[in-house]
Amino acid sequence: MQAPSVGGVMLPRGNGQSVRLSRGASLTDFAEKINANPASLVAVMMNLGEMVTATQSVSDETLQLLADEMNYVLEIVSPEEEDRELLESFDIEFGEDEGGDELLVSRPPVVTVMGHVDHGKTRLLDTIRKTNVVAGEAGGITQHIGAYQVTTDVNGDERKITFIDTPGHEAFTAMRARGAKSTDIAILVVAANDGVMPQTIEALNHAKAAEVPIVVAVNKIDVEGADPTKVRGQLTEFGLVAEEYGGDTMFVDISAKQGLNIDSLLEAVVLTADASLDLRANPEQDAQGIAIEAHLDRGRGAVATVLVQRGTLRVGDTMVAGDAYGRVRAMLDDNGNNVEEAPPSTPVLVLGLTNVPGAGDNFLVVDEDRTARQIAEKRAARERNANFARRGVRFSLENLDEALKAGLVQELNLIIKGDASGSVEALESSLLQLDVGEEVDIRVLHRGVGAVTESDISLAMGSDAIVIGFNVRAAGRAAQMAEREGVDVRYYSVIYQAIEEIESALKGMLKPEYEEAELGTAEIREIFRSSKLGNIAGVLIRSGEVRRNTKARVIRDGKVIAENLNIEGLRRFKDDVTEIREGFEGGINLGNFNDIKIDDVIATYEMREKPRG
């Protein structure tokens with residue numbers, strides 16, 4: 001076979017040579033690797049029926065098509081490999097302890113609690129740290145991931161244990177798996193009355209894949225029908241044999257609700273760590289670790305919960321976490337106290353980053369601010385190129401089925417925004433795992449923390465994507481821009497609903513009966529206390545009109561903090577009224593909901609029947 005010729009110029013043939021390119025590379029990048037003119041590669045792509053510019057980020061499939069034509073073997077560099085090469089270019093090694101044994105000191109074990117939904121993971125964590133996170137759950141799932149440290153007495157010695165608080169529902173499979181990878185020991189919670197369930201096995205497989213020792217907490221021993229012996233027998237089939245049966249797995253019978261045997265469980269964790277693991281790290285080197293959770297805080301900017309895995313993180317250090325960087329302005333421990341330094345296995349909340357890193361992003365301390373900025377910018381550019389390499393046909397969930405049948409589209413592009421990086425990560429993972437056959441691919445072009453912005457809508461316009469807002473709303477002019485440009489923006493507060501709706505659309509079964517029609521927004525200027533009615537919001541109507549007996553949600557800093565409320569009372573001065581129009585002031589009573597603050601926005605809406613077709 002002859003070498004391809006463009007305009008009489010013979011292009012180099014690969015003869016099976018390998019070309020390494022990163023995701024979202026351009027034809028110019030390809031040309032540099034093979035010593036060719038980028039314009040000639042553009043011409044080759046035109047001959048293949050593809051219109052591509054020289055500097056445009058293109059998809060892996062397009063690069064593969066070109067490589068096949070030129071007889072090169074294409075090797076797309078994985079994100080992990082790219083990152084390692086990037087750090088090596090700055091003479092930084094990630095993940096290696098520096099120095100010999102004399103520099104290593106013992107560190108607390110890091111523990112993840114896993115198990116089937118409703119088997120008591122959240123209750124167990126709640127009991128251990130004596131705070132209530134159960135009340136803050138939405139849709140039965142722990143939405144946010146944190147970390148905290150507890151102290152327990154083992155044989156007269158005070159020993160610390162660090163807990164990573166990962167959610168337990170299967171929708172958060174990716175976060176749980178990531179939690180296990182950053183974990184030394186997994187506590188597998190199994191309800192004594194239910195026994196081993198599908199998610200129990202799933203959690204067990206995650207822990208085994210991460211090669212971490214497992215301590216089994218047999219929970220709910222105080223309820224009727226509890227049979228801890230049955231649990232031990234069931235888990236034997238999966239390779240977890242209790243010590244009393246001659247195995248090496250510690251089983252502890254507990255009641256998270258009653259607080260029974262919690263100390264024994266913590267002791268089992270420490271003993272398992274001592275017996276199975278050599279938990280030591282060098283506290284003198286520059287800190288490295290993992291970002292567990294991150295979000296935007298109105299008063300403090302981007303904040304991230306990080307787990308220091310080696311080295312010591314100090315206030316004033318310059319750090320990079322994913323594509324975020326900054327100088328550590330302050331650090332808070334799990335009780336909200338300021339700390340000056342965080343040794344290995346310590347979780348802290350870090351203030352001072354430029355933006356929100358992703359859950360699970362590695363962090364490291366570098367010598368100079370400039371180095372941190374360069375690493376973060378290169379990571380961001382790499383991610384941006386990979387995102388821009390994906391294109392499709394604009395549509396909404398309603399017409400997706402028709403577009404698929406007509407062959408107009410083979411993929412569903414999504415942009416996911418949420419209130420915390422853990423939720424976004426988990427929603428993305430569960431959507432990508434949907435089994436919808438070979439006809440269609442799901443691609444997440446961008447994910448981020450915070451309200452849906454105009455730049456999100458711009459990206460959706462350019463890449464024909466559907467925007468998903470999880471516990472957040474469109475900010476500023478983004479809502480009007482989306483409506484004007486025909487971008488489909490979907491809002492959810494419960495993860496199951498998002499998964500079911502996307503899956504239904506992909507399978508051609510989406511039949512929306514009603515749609516939400518926004519009526520008006522009101523900004524809270526004052527709060528009046530009433531012994532009879534609770535808190536009354538003194539508001540200025542910003543847009544539209546607010547009507548009595550319609551639905552409402554409360555938005556704080558772009559995040560939805562309460563859904564499905566009712567406008568139960570509406571007043572203008574001393575008069576009860578049925579509606580208040582834009583530009584006027586009034587008082588709003590949201591019934592039993594009293595958690596309102598000045599500057600909150602009350603958005604009102606009603607559900608209208610949606611015509612199908």
Side-chain angles (χ1 to χ4, degrees), residues 94-99 103-113 125 128-131 144-154 157-166 178-187 212 266 269-270 273-274 277-295 300 302-322 324 326-353 357 359-366 421-422:
F94 186 87
E96 296 298 323
D97 280 323
E98 297 171 3
L103 296 175
L104 301 181
V105 299
S106 65
R107 62 173 180 82
V110 180
V111 178
T112 298
V113 178
L125 288 162
I128 290 172
R129 65 179 163 176
K130 299 290 190 296
T131 61
H144 296 182
I145 297 171
Y148 59 94
Q149 207 166 51
V150 298
T151 305
T152 187
D153 186 81
V154 179
D157 293 332
E158 276 205 347
R159 301 287 296 272
K160 288 183 176 179
I161 303 173
T162 298
F163 282 90
I164 294 181
D165 177 4
T166 55
R178 183 166 271 167
K181 285 170 188 168
S182 59
T183 300
D184 301 314
I185 292 175
I187 293 179
V212 295
L266 297 179
V269 168
V270 172
D274 290 347
L277 304 166
D278 177 22
L279 298 182
R280 294 186 299 163
N282 178 2
E284 299 304 320
Q285 70 179 94
D286 288 336
Q288 297 180 352
I290 190 168
I292 296 166
E293 179 48 52
H295 65 277
R300 299 182 291 193
V303 295
T305 303
V306 301
L307 175 68
V308 180
Q309 293 176 315
R310 58 193 64 81
T312 300
L313 183 64
R314 296 177 175 86
V315 172
D317 283 348
T318 298
M319 68 184 289
V320 189
R327 188 167 289 227
V328 179
R329 204 167 64 233
M331 292 191 299
L332 306 176
D333 64 13
D334 46 295
N335 295 316
N337 301 317
N338 278 295
V339 292
E340 289 299 312
E341 58 180 39
S345 293
T346 304
V348 284
L349 190 74
V350 171
L351 281 63
L353 295 175
D361 280 349
N362 291 323
F363 85 81
L364 55 120
V365 167
V366 296
S421 50

Spell out, as yes or no, whether a donor-acceptor pair under 3.5 Å connects the side chain of [X] to the backbone of [Y].
| X | Y | value |
| --- | --- | --- |
| Thr112 | Ile164 | no |
| Thr162 | Ser345 | yes |
| Glu340 | Arg314 | no |

Discussion item. Under the criterion salt bridge (Lys or Arg N to Asp or Glu O under 4.0 Å), I'd like the reasoning laid out for Arg159 against Asp157: C-alpha separation, chi angles, the key distance, then a yes or no.
Written reply: CA-CA 6 Å; Arg159 301 287 296 272; Asp157 293 332; 5.7 Å; no
In Å and rounded to the nearest 0.5 Å, what is the [atom1] to [atom2] distance from [X] to [Y]?
| X | Y | atom1 | atom2 | answer |
| --- | --- | --- | --- | --- |
| Lys160 | Thr151 | NZ | OG1 | 6.0 Å |
| Leu364 | Asp317 | CG | CG | 11.0 Å |
| Arg310 | Arg107 | CZ | CZ | 8.5 Å |

Locate the shortest heavy-atom distance separating [X] from [Y]; write the atom from each residue and the value.
| X | Y | answer |
| --- | --- | --- |
| Leu307 | Val110 | CD2-CG1, 3.8 Å |
| Ala321 | Phe363 | CB-CB, 3.8 Å |
| Leu277 | Asp184 | CD1-O, 3.6 Å |
| Ala186 | Val212 | CB-CG2, 4.0 Å |
| Thr312 | Pro344 | OG1-CD, 4.3 Å |
| Val315 | Ala330 | CG2-CA, 4.4 Å |

Discussion item. Out of the candidates Thr152, Val150, Ile161, Val111, only one should pair with Ile128 under the side chain to side chain contact (heavy atoms under 4.5 Å, CB included) rule; please name it.
Written reply: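 With Ile128 as partner, Thr152, Val150, Ile161, Val111 yield a single side chain to side chain contact (heavy atoms under 4.5 Å, CB included), made by Val150.
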Discussion item. Which residue is it: Thr305, Val303, Leu313? I am looking for the one with a side chain to side chain contact (heavy atoms under 4.5 Å, CB included) to Val350.
Written reply: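 Exactly one pass, corresponding to Leu313.
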Worksheet entry | Pair listing, salt bridge (Lys or Arg N to Asp or Glu O under 4.0 Å) test, anchored in residues 330-339, at least two apart |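 For residues 330-339: none.
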In the structure I gave you, are the side-chain heavy atoms of [X] and [Y] within less than 4.5 Å of one another anywhere?
| X | Y | result |
| --- | --- | --- |
| Met319 | Leu353 | yes |
| Leu332 | Asn338 | yes |
| Val306 | Pro347 | no |

Worksheet entry | Contacts of Asp153 that satisfy salt bridge (charged side-chain N to carboxylate O under 4.0 Å, His left out) - sequence neighbours left out |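 Not a single residue meets the salt bridge (charged side-chain N to carboxylate O under 4.0 Å, His left out) criterion with Asp153.
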